[in-house]
Colleague: 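Here it is: the structure, laid out below.
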Protein chains: 2
Amino acid sequence: MQKSKVLSPFKPARHKHQECLQSALKAAKQHCDNSGQRLTPLRKRVLELVWENHEPVKAYDILDKLKQDKSSSAPPTVYRALDFLQEQGLVHKIESLNAYVGCGKPDEIHSSQFLICYKCGSVAELDNSEIRKLLQINADKFGFRIDEEMIEIKGHCQECLDEGK
Amino acid sequence: MQKSKVLSPFKPARHKHQECLQSALKAAKQHCDNSGQRLTPLRKRVLELVWENHEPVKAYDILDKLKQDKSSSAPPTVYRALDFLQEQGLVHKIESLNAYVGCGKPDEIHSSQFLICYKCGSVAELDNSEIRKLLQINADKFGFRIDEEMIEIKGHCQECLDEGK
DNA sequence: TAATAAATGTTATATTATAACATCACACAA
DNA sequence: TTGTGTGATGTTATAATATAACATTTATTA
């Protein structure tokens, strides 16, 4: 079994973002159909906005963009959609940034480890099963039942380190 | 070398909190003396308030208590003190709760893993060197330089699981 | 002691998030 | 087909978290 997966890479190099977005939306649709949940136009729109690029997006930035569609949108509109998407595993919240990123693998059970670049703001999402296992072992020592894992590693990505030279 | 340390335990059982607090304050004083930083009365007071119990404390709760000393205190008072204490490694911020906990080991270099109980709110701080190592290995694959690690594991502590039966 | 730097005070405001209630839209039962 | 119930969205207000900007005080040191 593969120990470490890259669920989503750093600044995906010259990729066709349109395809990338479409594939995420398709996976989302599929996922919701399977779970009997409704990916309504609003929820889909918010998901699109989260996926606009590969950086964490802020709720109020999403709101500003929604207002371009429909000027009356208000905070609850965004937060409800984000809550739904998080419950479905379609987006993750980066707690240390109060921002949201899309998850392209809503159906793969995983614990996420995020690498977050201070400088450019881009994010990679990893799933290392050894880390998950170690956390489990440590939690077990305390009789602690894990419900949710948040691992956010901040620093500088290669590209930004190179630029800094 | 010890692989996994408990930097601070869950709901420390029947302990003499006064001693525990004094020891933290003493370590803080020592630490600041060594680093040439000033643990002013205000900063010390905020540190005390953070240490009042072994649960994460909110900035505005600290502010309310400060106001009992001196009614004119305002948010920047608290946030500045917390910023200072974080820089010195005397408190950690739990990002997923927007709350702060004291760290009794400001001088031990460590990466913290927090176990956070949803139900009772208590927190344990661990430092597992294997996890740190694995994160480093994974970061290295990307040429990513780690500056800060945030690991917050949420779930239910033994005591709360037992009660729930 | 004057000059400087560091810390704190103070007022205002920015940012993030939720409560509460109204309305709408859709499934499906009568 | 029309009610009727549920879930989704709209709307207004406000709560909770955090920072900017500038004034004043306190400590350090030249």
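Bear in mind the structure is a predicted one, so any value in this text is a computation, not a measurement. Atoms considered below: every heavy atom in the structure, side chains included; atoms not considered: hydrogens, waters and symmetry mates. Letters go in sequence order (proteins before strands), and every chain restarts at 1.
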Colleague: Judged by modelled atom types alone, do B:Ser112 and B:Glu149 share a side-chain donor-acceptor pair under 3.5 Å?
Modeller: no

Colleague: Tell me: CZ of B:Phe84 to P of C:dA6, nearest whole Å?
Modeller: 13 Å

Colleague: Going by ring-ring contact (aromatic ring centres under 6.0 Å, His included), name the residues that satisfy it together with B:His31, two or more places apart in sequence or in a different chain.
Modeller: none

Colleague: For B:Tyr60, which residues count as a ring-ring contact (aromatic ring centres under 6.0 Å, His included) partner, sequence neighbours excluded?
Modeller: none

Colleague: Measure the distance from CD1 on A:Ile62 to P on C:dT16 and round it to the nearest whole Å.
Modeller: 11 Å

Colleague: Output side-chain donor-acceptor pairs under 3.5 Å for residues 73-84 of chain B, partner residues at least two apart or in another chain, one line each.
Modeller:
{"from": "B:Ser73", "atom 1": "OG", "to": "B:Lys70", "atom 2": "O", "distance (Å)": "2.9"}
{"from": "B:Thr77", "atom 1": "OG1", "to": "B:Ala74", "atom 2": "N", "distance (Å)": "3.3"}
{"from": "B:Thr77", "atom 1": "OG1", "to": "B:Ala74", "atom 2": "O", "distance (Å)": "2.9"}

Colleague: Can you confirm whether more than 12 heavy atoms, excluding those of B:Lys119, are under 6.0 Å from its NZ atom?
Modeller: yes

Colleague: Would you confirm whether the ring centroid of B:Phe114 sits within less than 6.0 angstrom of the ring centroid of B:His92?
Modeller: yes

Colleague: Can you build the contact string for nucleotides 9-24 of chain D? Use B for base contact, S for sugar-phosphate-only contact, and - for no protein heavy atom under 4.0 Å.
Modeller: BBBB----BBBBB---

Colleague: Send over the distance from A:Leu66 CG to D:dA8 P, rounded to a whole Å.
Modeller: 17 Å

Colleague: Tell me which donor-acceptor pairs under 3.5 Å the side chains of residues 44-51 of chain B have, and how far apart each pair is, sequence neighbours excluded?
Modeller:
{"from": "B:Arg45", "atom 1": "NE", "to": "B:Asp69", "atom 2": "OD2", "distance (Å)": "2.7"}
{"from": "B:Arg45", "atom 1": "NH1", "to": "B:Glu48", "atom 2": "OE1", "distance (Å)": "2.9"}

Colleague: Taking only N/O atoms, report every protein-nucleotides 23-26 of chain C pair under 3.5 Å with atom names and distance.
Modeller:
none

Colleague: Report the distance from atom CG of B:Leu39 to atom P of C:dA6, rounded to the nearest whole Å.
Modeller: 18 Å

Colleague: Within a radius of less than 6.0 Å around NZ of A:Lys141, do more than 12 heavy atoms belonging to other residues, nucleotides or ligands occur?
Modeller: yes

Colleague: Just the rounded figure in Å: distance from P of C:dA14 to CG of A:Leu63.
Modeller: 16 Å

